[in-house]
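Note that the coordinates shown come from a computational prediction; the quantities given were computed from them, not determined experimentally.
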Amino acid sequence: MTKHGPQHAKREKKKHHLEQQVLAHLKKSGASLYDALSVRFDPNHTAEIQPVLRALREYGYIEVSRDKMVTITTFGLQQLKSKIR
């Protein structure tokens, strides 16, 4: 199986959708505990949310404080607005 096959495209689409859901949730609800986001967006504990949260942090769309509070950044808000259009 190649990395760029239909399964890869499906996983990437799902990951992107999950990223948008997390950003929208943080915009609407404000800061949230990291673990609470994990439970909310991955109730079956499949570990799919972990790479999504790491990616959002690496992109600079979210910040995670020392006490594990997650907030959306200005850059994350801009990204969310650009994807809604």
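- With sequence neighbours left out, Ser38 forms a side chain to side chain donor-acceptor pair (under 3.5 Å) with Gln50.
- Residue Leu37 comes nearest to Ile49 through the heavy atom pair O-CG1, 4.4 Å, listed as atom of the first residue, atom of the second, then distance.
- We find the OG1-CG distance between Thr71 and Leu77 to be 9.5 Å, quoted to the nearest 0.5 Å.
- For the salt bridge (Lys or Arg N to Asp or Glu O under 4.0 Å) condition, the pairs that include at least one residue of residues 46-72, sequence neighbours left out, are Lys14-Glu48.
- Shown here for Pro51 and Lys15, the closest heavy-atom pair between the two residues is O-CE, 4.5 Å.
- Applying the ring pair (Phe, Tyr, Trp, His ring centres under 6.0 Å) rule to pairs touching residues 57-83 yields Tyr59-Tyr61, Tyr61-Phe75, sequence neighbours excluded.
- Between Leu80 and Lys27, the closest heavy-atom pair is CD2-CD, 3.7 Å.
- Remark: the backbone N or O of Gly60 is paired with a side-chain donor or acceptor of Thr73 at under 3.5 angstrom.
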Yes or no on side-chain contact (heavy atoms from CB on, under 4.5 Å) for Leu56 and Val22, after CA distance, side-chain angles and deciding distance? CA-CA 9 Å; Leu56 289 172; Val22 170; 3.8 Å; yes
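- With sequence neighbours excluded, the residues satisfying side-chain contact (heavy atoms from CB on, under 4.5 Å) with His16 are Glu19, Gln20, Lys83.
- Considering only residues two or more places apart in sequence or on other chains, Ala36 meets the side-chain contact (heavy atoms from CB on, under 4.5 Å) condition with Ser32, Leu33.
- Separating the CD1 atom in Ile72 from the CD1 atom in Ile62 is a distance of 9.0 Å, to the nearest 0.5 Å.
- For the ring-ring contact (aromatic ring centres under 6.0 Å, His included) test, residues two or more places apart in sequence or in another chain that qualify with His25 are Phe41.
- Of the possible donor and acceptor atoms, one in the side chain of Ser82 sits under 3.5 Å from a partner among the backbone N and O of Gln79.
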